[in-house]
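Everything on this sheet refers to the single structure shown next.
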Amino acid sequence: MNEDKHAAPAAVPFAEDQDTYWHTTTHIMAQAVCRLFPGAKYAIGPTIEEGFYYDFDIGRNFLPEDLESIEAEMKKILKEDHPVEHALWTKDEALAFFEKGGQIFKAELIRGLPDDKVSIYRQGEFTDLCRGPHLKQTGLVKHFKLLSFSGAYWRANDKGPKLQRIYGISYRDKGQLAEFVRRRAEAEKRDHRRLGVELDLYGMDETIGGGLVLYHPKGSALRGVIEDFLKRAHRKLGYQYIYSPHMANANLWKISGHYENYKENMYFTEIEEQEFGIKPMNCPFHIQVYRSHLRSYRELPIRYFELGTVYRFERSGVLHGLLRVRGFTQDDAHIFCRESQLTDEIIGVLDFVRSVLRLFGFSYTVGVGTRPQKFMGDPGLWDRATDALVKALNAQGIEHKIHDGDGAFYGPKIDVALKDALGRSWQGPTIQVDFNLPQRFGLEYVAEGGGREQPVMIHRAILGSLERFIGCLIEHYAGDFPVWLAPIQARVIPVSAEAAGDFPKEVMSELRAADIRFDVDDREESLGKRIRAAELEKIPVVAVIGNREAQARSVNVRRRGKKDQEVLSLGEFVEGIRREAGLPEGEIGS
RNA sequence: GCCAACGUAGCUCAGACGGUAGAGCAACGCACUCGUAAUGCGUAGGUCGGCGGUUCGAUUCCGCCCGUUGGCUCCA
């Protein structure tokens, strides 16, 4: 993908937009690296969504202090204000030049280019293969910051040469750079790993193992609400709720193809000379439910839904809070239908996904993953399956990108990506069309004429996994959950034991009767301190009850983040919070 | 798995040329009985991530392991 940058020269060699600005900055960084590390080999240096990076081989790893000296050298290059020159060289000229300089990565890139002329940029002593455009002078770059460095692989191949990547950002305006830094700090405050501890939602435990989540009571409350919501929504949309075991005899995984194609992600165990695999997916179980008796076309589509907990081995370096774990629960369903019903079913799922994401207020991007290198079945069926997905997306007017080779091993998929606080995308909802598993398991139903036909399967998840979704949700709301999701919806604070008498107890029993998740803070601490604690815990409704309230049988209500309070009668208070606390009605499947 | 950084009390963090450690908040106790983001005083809390090595002595130096963080590769 990055090589595309070199594929053809840009329409104009020079420009001034933000992307160009970053691009020139990354060249300046490369120039500085080459000065400080003679013999440095530079590979590729594209811009990214925010900023840029460049990959190098300097014969050793970068150290934190290297970033400082590189920054200092870059400042010099800005000051020297080199003009940036553009040229078109023949491939042979360019190859000769870069090979002479030992720039093996550039030479490899040039060999892969289709045209005879290649686009070259030069600033001072630094020459790079680059499609451009660039700024006209290095001095035009004003404010920049190198952010981090890490290992990377040449051409994203972990068997290939290992490179060192440096990330950076730059802006014309000093304020913009300051704003960037401020935004990053802000995002850190929303980080679900930080809020997960602060709000006591969940924990990880190294004695238990990496990537395995412990839901504390508050996180469990949140998850419980989401599960209730999902169960109800699925019921409304014609899904049947099922349960299946967490492991199965290896024979099942051999039939499904997981043993062949997914083994490296699975946990296995052996007992009484039988091999068992812990489930990384729920589909084979749902298939066995389908197979439990003979089906008629009249029953189709059959939709089985499960909150299925799966375990996948993930390499230790990729684990990331709740967003990438080893054990997670999918809101997983499998739809068994006729091929003629496929498009309608996919459209139905897309609608479901859209309304759920709208309910939570997520923005998202959609991609279609096509046949991967490791796949099973007939490529012709893959094409039909992919067509069905694309057709449904087009029918719904949903913008999407094609991600070549990103499908599951049994079928192509629609992937919906959600963003975290730092703007990183995480796959959530997914819809996959599968002709293969029905074939491998010999699924069938009786058609109109009495003959046997094979159903098609749709694998789909609306949220994806509860863990990842909850992680995104925490960041999305910055922990300030709306009342219906809040682990603790209300806190009762008696001003003092004497002043309020028994009235707080009455309030609590009303809240209990209304099925509100509430607690009490009757510690012998100052009112101010207890209000502060409630705010820090991000509890949406605080009910203060003192003398005045007890007398008037009212409640003083303080909403999270609002200084102004409202005095409501006990009845109004409970009714008001009850209305807000329930699952949103009529949103899904109406 | 790869590259780098980090791991001290529940949380946020100090600290010592190697002589077994502190602060704030939280917790707990006592006093105060309080009106909307921190009342005061006190107490307790740590085999300084784990294992091994060097040393009279290691939390500090070295090695290995585990975990976390930022990326890479891979994925919900």
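Chain letters run A, B, ... following the sequence lines, proteins first, then strands; residues in each count from 1. All heavy atoms count here, side chains included; hydrogens, waters and symmetry mates do not.
Here A:Val542 lies out of heavy-atom contact (under 4.0 Å) with every strand. Within 4.0 Å of A:Leu536, counting heavy atoms only, lies at least one base atom of the nucleic acid. Looking at heavy-atom distances under 4.0 Å, A:Arg530 makes no contact with the nucleic acid at all. Looking at heavy-atom distances under 4.0 Å, A:Asp406 makes no contact with the nucleic acid at all. Within the 4.0 angstrom heavy-atom criterion, no nucleotide atom of any strand lies near A:Glu198. When heavy atoms are screened at a 4.0 angstrom cut-off, A:Gly528 is found touching the sugar-phosphate backbone but no base atom. In this structure, A:Lys562 reaches neither bases nor backbone, as no heavy-atom distance under 4.0 Å exists between it and the strands shown. A:Arg523 comes within 4.0 angstrom of sugar-phosphate atoms only, judged by non-hydrogen atoms across all strands, and of no base. Using a 4.0 Å heavy-atom distance criterion, A:Glu314 is classed as a base contact. At the heavy-atom level, A:Glu264 lies nowhere under 4.0 Å from the strands shown. Heavy atoms of A:Tyr167 sit under 4.0 angstrom from primed sugar atoms or phosphate atoms, though from no base atom.
You won't find any donor-acceptor pair under 3.5 Å spanning the side chain of A:Arg315 and the base of B:C75, going by distance alone. Looking at A:Tyr153, its side chain comes within 3.5 Å of the base of B:G1 through a donor and an acceptor atom.
Proximity of A:Ser496 to the phosphate of B:U33: no side-chain N or O atom is located under 4.0 Å from OP1 or OP2. Taking 4.0 angstrom as the limit, A:His320 places none of its side-chain polar atoms (N or O) nearer than this to OP1 or OP2 of B:U68. When the side-chain nitrogen and oxygen atoms of A:Ser150 are compared with OP1 and OP2 of B:C72, none of them lie within a distance under 4.0 Å. Contact check, A:Lys529 against B:A37: no side-chain N or O comes under 4.0 Å of OP1 or OP2. Between A:Arg193 and the phosphate of B:G70, there is a side-chain N or O to OP1/OP2 separation shorter than 4.0 Å.
Atoms CD (A:Glu524) and C1' (B:A27) sit 16 Å apart, rounded to a whole Å. Counting to the nearest Å, the P atom of B:U36 and the CD1 atom of A:Ile545 are 16 Å from each other. The separation between A:Lys162 atom NZ and B:G71 atom C1' is 15 Å, rounded to whole Å. Atom CD1 of A:Ile58 and atom P of B:C3 are 15 Å apart (whole Å). Rounding to whole angstrom units, CG of residue A:Leu67 and C1' of B:A5 are separated by 12 Å. A straight line from CG of A:Leu527 to P of B:C32 spans 19 Å, rounded to a whole angstrom. A:Gln565 has its CD atom 13 Å from the P atom of B:G35, to the nearest Å. Rounded to whole Å, atom P of B:A38 lies 14 Å from atom CG of A:Asp521.
Taking the ring centroids of A:Phe360 and A:Phe469, they lie under the 6.0 Å cut-off. A:Phe362 and A:His476 have their aromatic ring centers within a separation under 6.0 angstrom. Aromatic rings from A:Phe52 and A:Tyr54 are positioned such that their centres are separated by 6.0 Å or more.
Heavy-atom distances to RNA chain B give each of A:Gln164 and A:Val416 a nearest nucleotide, and the one nearer the 5′ end belongs to A:Gln164. Nucleotides of RNA chain B nearest to A:Ala152 and A:Thr430 differ in position, and the one nearer the 5' end is that of A:Ala152.
Rounded to whole Å, the separation between the P atoms of B:G40 and B:C51 comes to 41 Å. If you take atom P in B:U39 and the same atom in B:G24, they sit 16 Å apart, rounded to whole Å. As rounded to the nearest Å, B:G42 and B:G19 have P atoms that lie 30 Å from one another. For B:C3 and B:C61, the P atoms lie 22 Å apart once the distance is rounded to whole Å. Taking atom C1' in both B:U60 and B:G53, the straight-line distance is 15 Å, to the nearest Å. Using C1' as the reference atom, B:U59 and B:U43 are 26 Å apart when rounded to the nearest Å. Nucleotides B:C6 and B:C48 place their C1' atoms 14 Å apart, quoted to the nearest Å. Remark: the separation of the P atoms in B:G18 and B:C25 is 33 Å, to the nearest Å.
Judged by distance alone, the side chain of A:Arg324 and the main-chain N or O of A:Leu319 form no donor-acceptor pair under 3.5 Å.
Comment: A:Asp564 does not engage A:Lys562 in a salt bridge, judged by the lack of any side-chain N to carboxylate O separation of less than 4.0 angstrom.
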Stepwise ring-ring contact (aromatic ring centres under 6.0 Å, His included) test for A:Trp253 and A:Phe285: CA-CA 10 Å; A:Trp253 305 114; A:Phe285 299 91; 5.7 Å; yes
Output, in order, the C-alpha distance, side-chain angles, deciding distance and verdict of ring-ring contact (aromatic ring centres under 6.0 Å, His included) for A:Phe149 and A:Phe56. CA-CA 11 Å; A:Phe149 59 93; A:Phe56 304 97; over 10 Å; no
Side chain to side chain contact (heavy atoms under 4.5 Å, CB included) evaluation trace for A:Arg460 with A:Phe352: CA-CA 11 Å; A:Arg460 43 106 292 182; A:Phe352 194 178; 3.7 Å; yes
What do the steps show when you test A:Tyr202 against A:Tyr215 for ring-ring contact (aromatic ring centres under 6.0 Å, His included), and what is the final call? CA-CA 4 Å; A:Tyr202 74 94; A:Tyr215 286 85; 7.3 Å; no
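Comparing B:G70, B:C34, B:C75 by their nearest atom to the side chain of A:Arg312 picks out B:C75. The A:Glu525 side chain lies nearest to B:U39 when the options are B:C34, B:C75, B:U39. In this structure, of B:G35, B:A38, B:G1, it is B:A38 that holds the atom nearest to the side chain of A:Arg532. Checking B:G35, B:A37, B:U68 against every side-chain atom of A:Lys563, the shortest atom distance belongs to B:A37. With B:C75, B:C72, B:G35 as the choices, the nucleotide that has an atom nearest any side-chain atom of A:Arg324 turns out to be B:C75. The side chain of A:Phe149 lies closest to B:A4 when the candidates are B:G35, B:A4, B:C74.
A:Leu463 CG to A:Arg468 CZ: the interatomic distance, rounded to the nearest 0.5 Å, is 12.0 Å.
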Structure string for RNA chain B in dot-bracket form, Watson-Crick and G-U at under 3.5 Å, | interchain: (((((((..((((.....[..)))).(((((.......))))).....(((((..]....))))))))))))....
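In this structure the side chain of A:Ile346 reaches within 4.5 angstrom of the side chain of A:Ile458, judged on heavy atoms.
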